[in-house]
Novice: 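I have a structure I would like to understand better, so I am pasting it below and will then ask my questions one at a time.
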Amino acid sequence: MHAMENSAEGAGGGFNVGERLCLVRKQHGLSQRALAVKAGVTHSLVSLIEKNKVSPSVASLKKILEAINYPLTDFFALTLPPVDQVFYRADELTPLSTGALTLLQVGDAKSHSVQIFHEFYEPGADTGETMLQHEAEEGGVVVAGELELTVGSQTRILKKGDAFLFDSRQPHRYRNVGTERCEVVSACTPPLSLRRAKPGFHSAPFEHCQ
C-alpha cells in the first residue's frame, strides 16, 4: 500500500500481479482500455501493471477490481485453507499484499463473519493518497513501531500497544511515518459478497475492509 505506484521489482513476493490482472481482465472480456475506463484510471496504468513495470498500491488495485466486481481477496488467494481449519502457522496466512506493506489474511473470509489481518508497514509505507472508504467496521492494535492513522478529519500517530476502532465508511488512510517497521494485528467485517451462506448465519450490514 504505497502512496504512489512503485517499481515492480520483487513485487508480490513471487505472486505475479500483472499476469493475474491480465487473466482476470480477459475473463471479463475487456480490453486494457475498457477496464481503465470502467475503473476511472489511465490506460497506461493498467498496461504497466500487467507488464509488471509498476507495483500498484492496494487502493489502486482495489479500485480496478471493484470496477468488475472482483474481490481483492479472490485476486490473491490462489489456494485457500479448509473451512474447518482452526489453527494457522505463520506460513499458512494468505498474502493479499507484499512489499512495502505486507497484508496477511487469516483463513478464508468467505467462511467467516470476521476478517483478521497481520500487517507489516515498512518506513514510508502508505495505503495511498486516495483515502479508503467502504462498507465495514475495522479495528486493530499496533504491535510494534508507529502508525499514522487518519479517519475523517482526525489524525493520530499510534505507538506500540495503542489501538483503533472505527466505521470504515469514513475516509481513512494508514501510513508508517516512523523509521522502523510497524506491525499491526487488525480485524474487520468482511464483504457480504464473500460470505458463504451458513445455517443460522445472518450477515451484518457491512462489507469489505481492504
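Remember, predicted model here, so these are calculated numbers, not experimental data.
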Novice: Could you walk me through whether Gln115 and Thr189 pass the side-chain contact (heavy atoms from CB on, under 4.5 Å) test, one step at a time?
Specialist: CA-CA 6 Å; Gln115 197 168 16; Thr189 50; over 6 Å; no
Novice: Quick one: closest heavy-atom pair of Ala125 and Ala100, and the distance?
Specialist: CB-O, 3.3 Å
Novice: Please examine the side chains of Arg169 and Glu135, heavy atoms only from C-beta on, and report whether any two atoms are closer than 4.5 Å.
Specialist: yes
Novice: Contact between Arg25 and Glu50 at the side-chain level, heavy atoms closer than 4.5 Å - yes or no?
Specialist: yes
Novice: With the 4.5 Å side-chain cut-off for hydrophobic clustering, are Val37 and Leu30 part of the same group?
Specialist: no
Novice: Do side-chain atoms of Gln85 reach the backbone of Phe87 as a donor and acceptor pair under 3.5 angstrom?
Specialist: yes
Novice: Work out which heavy atom in Cys182 is nearest to a heavy atom in Val184; give both atom names and the distance.
Specialist: SG-CG2, 3.9 Å
Novice: Out of curiosity, Leu48 CG to Lys53 NZ, how far, rounded to the nearest 0.5 Å?
Specialist: 8.5 Å
Novice: Where do Tyr121 and Leu101 come nearest, in terms of heavy atoms and distance?
Specialist: CE2-CD1, 2.9 Å
Novice: Got a second to check how far Glu119's CD is from Thr102's OG1, nearest 0.5 Å?
Specialist: 10.0 Å
Novice: Give the intermediate values and the outcome of side-chain contact (heavy atoms from CB on, under 4.5 Å) for residues Glu148 and Arg156.
Specialist: CA-CA 6 Å; Glu148 180 190 86; Arg156 181 75 58 86; over 6 Å; no
Novice: Side chains of His172 and Glu138: donor-acceptor distance under 3.5 Å anywhere?
Specialist: yes
Novice: Does Ile49 reach the side chain of Ile64, with side-chain heavy atoms less than 4.5 Å apart?
Specialist: yes
Novice: Can you give me the closest heavy-atom contact between Lys38 and Ile68, atom names plus distance?
Specialist: CE-CG2, 4.1 Å
Novice: Please report the interatomic distance SG(Cys188) to CZ(Phe166), rounded to the nearest 0.5 Å.
Specialist: 9.5 Å
Novice: Step by step, work out the side-chain contact (heavy atoms from CB on, under 4.5 Å) result for Leu45 and Val54.
Specialist: CA-CA 8 Å; Leu45 176 59; Val54 298; 4.3 Å; yes
Novice: Rounded to the nearest 0.5 Å, what separation is found between the NZ atom of Lys26 and the NE2 atom of His28?
Specialist: 14.5 Å
Novice: Output the distance between atom OG1 (Thr127) and atom CG (Leu132), rounded to the nearest 0.5 Å.
Specialist: 4.5 Å
Novice: Any link between Val141 and Phe164 through a network of hydrophobic side chains (Ile, Leu, Val, Met, Phe, Trp, Tyr) touching at under 4.5 Å?
Specialist: no
Novice: Does Gln133, at its CD atom, have more than 12 non-hydrogen atoms belonging to other residues, nucleotides or ligands within less than 6.0 Å?
Specialist: yes
Novice: Would you kindly say whether Ser44 and Ser47 are connected by a side-chain donor-acceptor distance under 3.5 Å?
Specialist: no
Novice: Under a 4.5 Å cut-off applied to non-hydrogen side-chain atoms, are Thr179 and Pro123 in contact?
Specialist: no
Novice: Does the side chain of Val41 reach to within under 4.5 Å of the side chain of Ser60, using non-hydrogen atoms?
Specialist: no
Novice: Go through it in stages, so that I can follow the logic: the residues are Arg175 and Leu147, the test is side-chain contact (heavy atoms from CB on, under 4.5 Å), and I'd like the CA-CA distance, side-chain angles, deciding distance and then a yes or no.
Specialist: CA-CA 6 Å; Arg175 294 197 302 162; Leu147 183 69; 5.8 Å; no
Novice: Any side-chain to backbone donor/acceptor pair from Asn176 onto Gly124? Under 3.5 Å, distance only.
Specialist: no
Novice: Give a yes or no on whether Val106 and Val114 share a hydrophobic cluster (residues Ile, Leu, Val, Met, Phe, Trp, Tyr; joining criterion: side-chain heavy atoms under 4.5 Å apart).
Specialist: yes
Novice: Hey, quick one: are Val24 and Leu35 part of the same hydrophobic cluster, counting side-chain heavy atoms closer than 4.5 Å, chains of contacts allowed?
Specialist: yes
Novice: Measure the shortest side-chain to side-chain distance between Phe117 and Val185 over non-hydrogen atoms and say whether it is less than 4.5 angstrom.
Specialist: no
Novice: To the nearest 0.5 angstrom, please state how far the NZ atom of Lys63 sits from the CG atom of Leu61.
Specialist: 12.5 Å
Novice: Under a 3.5 Å cutoff, is there a donor and acceptor pairing between the side chains of Gln170 and Gln154?
Specialist: no
Novice: Hey, is Glu129 close enough to Arg173 for a salt bridge, meaning N to O under 4.0 Å?
Specialist: no
Novice: Can you confirm whether Phe75 sits close enough to Leu21 that some side-chain heavy atom of one is under 4.5 Å from a side-chain heavy atom of the other?
Specialist: yes
